[in-house]
Every structure is written in C-alpha cells, then in structure tokens.
Amino acid sequence: MFSSVWDFIKRHRRKFIFAGAAVGGVYFLGKYAQKKLRELQEREATEYIAQARRQFHFESNQRTCNMTVLSMLPPLREAIVTQLNSENLTVLLKTKPANKLEIWEDLKIISFTRTIVAVYSTCMLVVLLRVQLNIIGGYLYLDNSIGKNGCPVAPPNVQQQYLSSIQHLLGDGLTELMMVVKRAVQNSLGGVSLKQSLSLLELEQQLGWIRAEVEVGSEAVSGRSLSWFMLADDENALVDQACGLTENDVMTIRLLNETRDMLDSPDFTTVLNACLNRGFSRLLDNLAEFFRPPPGDSAPTSAPDSLSVVSLPLAKIIPIINGQINTICSETPSHFVQVNCRGRSPSSVPWI
C-alpha cells in the first residue's frame, strides 16, 4: 500500500511541487496583504488623528484671533478719534462762530476720513492678526508634535516680541494711513457743497473714488502698498536690532520676514481686498437705513434704481458718517467684525 502511494507521489511529484508552491505563495501573499492592509489602516488612522488635531488647533487659533481683535478695537478707535477729533468741531459749531462754514468744511473732511480709516484699519487689524497668529500657531503645532524634550522654536518671549510689531499699525502706520485717506477725501469731496444732495448710489461712487486713490494711487505715487501700513519696513526692523542679536532676536526677525513675504503675496492681497469689500459693503448697509423713503411714500424701494430714490444734503450726511466709527470699532461682537473674522478651514488658508 505504501509503495503504491509512493509510486503515485513520484509519478505526480511535479504537480505536488507546483501545488505546494502555489499554496505557500497564496499563504505568504495573504500574510503580506494583511500586513500591508494593517499598515494602511494605521497610517490612515494616524493621518485622521493628525488632521483632527490640526482642525482643532486651527479653530482654537481663530477663536483667539477673534477675541484679540475685539480687545484691540477700543485702543484703535481711541487712536483714530484722538487724531481725527470731530467732537471739538461739533462743540465749536454750537457756539455759532463767525467761521461756521469753514468749520463745517473741516468737519466734512474729518468725518469721512475717520470713518474710512476705521474701515481700513479694522480690516487690516483682522487680517494681520490672523496671519501672525497662524504663523505662530504653525510653529506651536510643530513644537507640540516634537514633544517636551525638544527645544521650542517659538518660546513665549519670541511670541510676545513678534506680536508687538502690530503696534506699527496702531502708531506710525495708522498716522500715515490717515494722511493718505484724508488727502483722497479732500480730492473727492472737497469741492462738494454742503447743500448738495447725494443719494446712496452717489455716496457709494464717492467711496469708490476715494478707495481707488488710496489703494492704487498711493502705491503708484510712493511705491508703497497697503502692507506698509501694517508692518514697518524691513530695513528699519533690522537696523534696530543690528547689534547684539540673541537667538530669540534672530527667530523674531525670521517670523517678521515670513510675515512680510505673506503680506506681499497675491493670496494676502486677495484676502485683504475681499475683507475691504465686505467692510465697505457693511458701511453702506448701515448708511442705507438713513436713506429710506418716508413712511407712506410710494417710491419703489425694491427697484434696481432704488438707491438713487432718496437723497440727503451733504450737511445731513456728515453726522451720520461721523458716528459710524462707534459701530465699526465696537468692542462688543458686531456684524462688521464678524463678517471679516470669519475663518476658513486649514486646507483653504494659504498661510497655514
């Protein structure tokens, strides 16, 4: 019996060899596939956890940015009101001075200037803080990924020194912005009589001309883009720290250079322009409340030309414009700040 079995095996030994090789190959292939599948699952789980951490880090960073913006609006408003003080002119008008018309003309320029500056500076504050906090947030995320044993790339004193650069926007940058805007307002509205009536559409056109001179004209004349109002010139920052640079100073300069590169990028220009468009659109929405037809008026307020139905003398528009800064730079959550602070996911933000 055993001899017959052995003879059978010898006659079909090639078949047994191939069958054994096939079974063994299938077995090892299955083991290999299981290993690769397990590695793929582990890699996907790791990537999912990392993405969840990035999303949480991003959302936390945006909340910090929103709260920081709201906390900085009062000093921003104070700086604007101090340098563009219309309240003193209003008090003078109540005394019925001899140069009443001249004071009204000054009030016209200052009222429009400070409201437009408030829109610009608030939008700049939002986008600049978002860039700075996201840059720091990226380094903090890397520090947390490395663990406690590694040396932090951006320690607290570097963060504080870096974030203090925003004082340029509240100081020299804001003063320069006021001068540029005031010059544009003077060129656009200086020749408009106080008695001349303007519709909301005509007011929108005036704001458009002023914006064009501020955003395009100033760059063509001085070669400076809007980013200069937000961050000091590169040369000045380096000269101030030319001697005795510490490791933290070098890191701070590195962060500032990264910020300058971002401020000069097309992505940032697109975001800032979108923010400004929303800001001035919100300003016009606020002004539209004062251009409604009187109750009982049969004017078609929903028609396409409804923006030109109601007109107000410029003298009546001035106090309306003058008071808008309290809405724009309000420290309480307002729609104006919320529409500009609305964040995006990490994958869609170019500076993440």
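Quick note: numbers below take in every heavy atom, side chains included, and nothing from hydrogens, waters or symmetry partners. Worth saying up front: this structure is predicted, and the values here are computed from it rather than measured.
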message = Surrounding CD of Glu289 (heavy atoms of other residues, nucleotides or ligands, distance under 6.0 Å), is the total greater than 12?
response = yes
ask   = Quick check: are there more than 12 heavy atoms from other residues, nucleotides or ligands sitting under 6.0 Å from CG of Asp264?
value = yes
inquiry  = Would you say Thr270 and Asn273 are linked by a side-chain donor-acceptor pair, where the criterion is simply a distance under 3.5 Å?
reply    = no
query = Do you see a donor-acceptor pair shorter than 3.5 Å between the side chains of Asn322 and Arg114?
reply = yes
remark   = Sequence neighbours excluded, the answer for side-chain contact (heavy atoms from CB on, under 4.5 Å) partners of Ile109 is Thr113, Lys182, Val185, Gln186
task = Report the C-alpha distance between Thr115 and Gln324 in whole Å, list the side-chain angles of each, state the deciding distance to 0.1 Å, and finish with yes or no for side-chain hydrogen bond (donor to acceptor under 3.5 Å, both in side chains).
result = CA-CA 6 Å; Thr115 294; Gln324 290 301 309; over 6 Å; no
I'd like a table of donor-acceptor pairs (distance under 3.5 Å, sequence neighbours excluded) in which one partner is a side-chain atom from residues 88-101, with atom names and distances.
| from | atom 1 | to | atom 2 | distance (Å) |
| --- | --- | --- | --- | --- |
| Thr90 | OG1 | Ser86 | O | 3.0 |
| Thr95 | OG1 | Leu92 | O | 2.4 |

ask   = Would Arg260 and Asn257 satisfy side-chain hydrogen bond (donor to acceptor under 3.5 Å, both in side chains), going step by step from the backbone distance to the final call?
value = CA-CA 5 Å; Arg260 290 187 188 92; Asn257 288 336; 3.1 Å; yes
request  = Report whether Phe290 and Phe112 are members of the same hydrophobic cluster (ILVMFWY, side-chain heavy atoms less than 4.5 Å apart, transitive linking).
outcome  = yes
inquiry  = Could you go through Met230 and Leu272, starting from their C-alpha distance and side-chain angles, then the distance that decides it, and tell me whether this counts as side chain to side chain contact (heavy atoms under 4.5 Å, CB included)?
reply    = CA-CA 12 Å; Met230 291 176 270; Leu272 179 59; 3.9 Å; yes
request  = With sequence neighbours excluded, tell me which residues meet side-chain hydrogen bond (donor to acceptor under 3.5 Å, both in side chains) with Asn85.
outcome  = none
query = Quick check: does any side chain N or O of Glu176 sit under 3.5 Å from a backbone N or O of Gly173, one acting as donor and the other as acceptor?
reply = no
task = Could you tell me the separation between the CD1 atom of Ile253 and the CD atom of Glu258, rounded to the nearest 0.5 Å?
result = 12.5 Å
